[in-house]
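Encoded as structure tokens, the structure appears first; notes follow it.
Order of appearance sets the numbers: ligands from 1, and atoms from 1 within every ligand.
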Amino acid sequence: MSEYQKVISISNNILKNYELCDYCLGRLFSKRLHLSSNKLLGKKLKKNFKFTQKCFICKNLFDNLNYFLKIMIDSASNYSYDTFSVGATIKPSIIDRDDFIRSQYKLMGIDSVKSDITKELGKSFSKKTKKNINFLDPEVAFLINFKDESCKLRSKSITLSGRYVKTLRGIYQKQKSCMNCNGKGCRTCFFHGISEFDSIEGIISQFLFKKFGGTTAKFTWIGGEDKSSLVLGAGRPFFVKIQNPNKRKSKLISLNLDSLKLVNLKIIDKFPIKPVKFTSSLELKISSKNIIDSKYLKKLKHLVNTPVVVYDKSGKRFEKQIFSVNYKKHSLHNFSLFLNAEGGLPIRRFIEGGDIIPDISNLLNCECICDEFDFHEINV
Ligand SMILES: [Zn+2]
Ligand SMILES: [Zn+2]
């Protein structure tokens, strides 16, 4: 008996007892016969049978594919993308009946109803929209719930890199989270996780949401600054990941506001895995109640030879190198310090002291305050 004849014999046996749709019947044997269309095979195997009832396994789920195709198209209407995948949640009873038939007729190596229905939907959707199926790394993923006939869409995040130049004092670098959801995203904040847009983070986020849509924007900054700091030169590099973007491409991109300039903004493949090493050229404005002694100021040049030892809150020790030191005395109580230093040196602590060796107050033998500090250049 040929393989096909064996299949006909099992199929006839099944059909005597159970009514199955073309898709479900074909699915039971298509792999075995190396055929790609379950529907055609099922139709062929059923040609001598007359049916009036619903499919024992799926209750004619496959008849409804056009309806689900339509809700997929509707839910994707605000997204631009090239690739997609389809996932499904189906009633457990369907899976149970499918398992029952397989075990009763000892059928093995068969696609599940779920993978068949997602395959069929994927094929139809691709034909209709000219988008490509990609199950490994899709730009847009549909999850169809056959239980409540709904469709969820998740769009893959995009990552951008760029630099910002801050030319106005008084703007925080980071935005406070939405009070209602603590940054997770809720209806109040339109799922952005922030509800105000008055910081560097907020201004950039707002700009990106306008360009790409999306829910939250997660930033990685190459270093940090104070509200009162300026960031000059080529600006501070940053990376940002936009979750659930509607658009994935844009001819970027620069933004030029009074307070903030965005430059070199571009879409990149992924977030940097390792922490990015960088150096900063800084100007620190320092003042002291006591008179600053020039004899001590001269000693600051020695900072270049020895690393600064910093202890973090947990007591962990790390070192930061200073590459160059210059200063300019403005008055008996004020001077500017120009540093080129390894990124991550805690600036205020370095001036005012606190779990850091050496610190400027100590070296100058007087209590110093860091009034403000500006970044002239940040190099990665
Ligand atoms: Zn069926
Ligand atoms: Zn919120």
Side-chain angles (χ1 to χ4, degrees), residues 7 10-32 35-47 49-69 86 88-105 107 110-124 144 146-147 149 174-199 201-202 205-206 208-209 213-219 241-244:
V7 164
I10 305 168
S11 162
N12 287 344
N13 260 336
I14 297 174
L15 292 175
K16 268 180 227 158
N17 299 308
Y18 303 100
E19 204 156 306
L20 297 184
C21 68
D22 296 349
Y23 290 96
C24 285
L25 184 64
R27 181 169 52 81
L28 298 177
F29 305 105
S30 60
K31 276 207 165 158
R32 189 161 163 180
L35 296 173
S36 62
S37 171
N38 297 340
K39 191 184 172 186
L40 288 180
L41 175 62
K43 211 179 176 77
K44 209 169 147 189
L45 292 171
K46 280 169 69 181
K47 67 173 186 273
F49 288 83
K50 276 263 174 296
F51 293 119
T52 50
Q53 291 184 355
K54 283 190 171 178
C55 170
F56 170 75
I57 296 177
C58 75
K59 303 292 173 203
N60 293 10
L61 196 58
F62 287 83
D63 284 353
N64 248 344
L65 288 187
N66 274 338
Y67 170 77
F68 290 102
L69 191 61
V86 190
T89 315
I90 60 175
K91 284 187 186 143
S93 56
I94 295 180
I95 298 166
D96 291 345
R97 290 190 297 268
D98 192 44
D99 288 345
F100 171 78
I101 293 286
R102 288 169 197 236
S103 73
Q104 190 168 10
Y105 294 93
L107 301 165
I110 293 158
D111 281 345
S112 65
V113 187
K114 197 158 103 174
S115 70
D116 194 27
I117 200 152
T118 53
K119 206 160 80 187
E120 288 297 329
L121 271 177
K123 270 198 286 192
S124 310
I144 317 265
F146 286 94
K147 291 193 272 187
E149 305 199 339
K174 290 168 193 168
Q175 192 73 49
K176 274 205 191 95
S177 296
C178 163
M179 303 254 273
N180 193 40
C181 66
N182 234 334
K184 276 191 200 125
C186 66
R187 269 173 218 287
T188 315
C189 62
F190 299 99
F191 299 97
H192 291 325
I194 52 175
S195 51
E196 285 163 83
F197 301 93
D198 52 6
S199 63
E201 180 178 352
S205 297
Q206 198 168 39
L208 294 175
F209 292 145
T215 48
T216 53
K218 292 269 172 258
F219 284 82
K241 187 189 259 183
I242 306 173
Q243 302 285 3
N244 215 33

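- Contact annotation: the side chain of Leu35 never approaches that of Leu40 to less than 4.5 Å [non-hydrogen atoms, C-beta and beyond].
- Protein N/O/S atoms found under 2.8 Å from the Zn ion (ligand 2), listed by chain and residue number: Cys178 SG, Cys181 SG, Cys186 SG, Cys189 SG.
- Glu201 places a side-chain N or O within 3.5 Å of a backbone atom of Gln175 that can act as its donor or acceptor partner.
- Under the 4.5 Å side-chain criterion, counting only non-hydrogen atoms from C-beta, Phe68 is not in contact with Val86.
- Counting non-hydrogen atoms of other residues, nucleotides and ligands closer than 6.0 Å to OH of Tyr105 gives a total above 12.
- Among protein atoms, those of element N, O or S found less than 2.8 Å away from the Zn ion (ligand 1) are Cys21 SG, Cys24 SG, Cys55 SG, Cys58 SG.
- For the pair Glu19 (side chain) and Gln53 (backbone), a donor-acceptor distance under 3.5 Å is present.
- A donor-acceptor pair under 3.5 Å is absent between the side-chain atoms of Glu196 and the main chain of Gly202, judged by distance alone.
- Atom-to-atom distance recorded for Lys43:NZ and Leu25:CG is 12.5 Å, nearest 0.5 angstrom.
- The side chain to side chain contact (heavy atoms under 4.5 Å, CB included) with Ile194 is formed by just one residue from the set Cys181, Cys178, Ser199, Ser205; it is Ser205.
- With hydrogens and angles ignored, the 3.5 Å screen pairs a side-chain donor or acceptor of Arg102 with a backbone N or O of Ile110.
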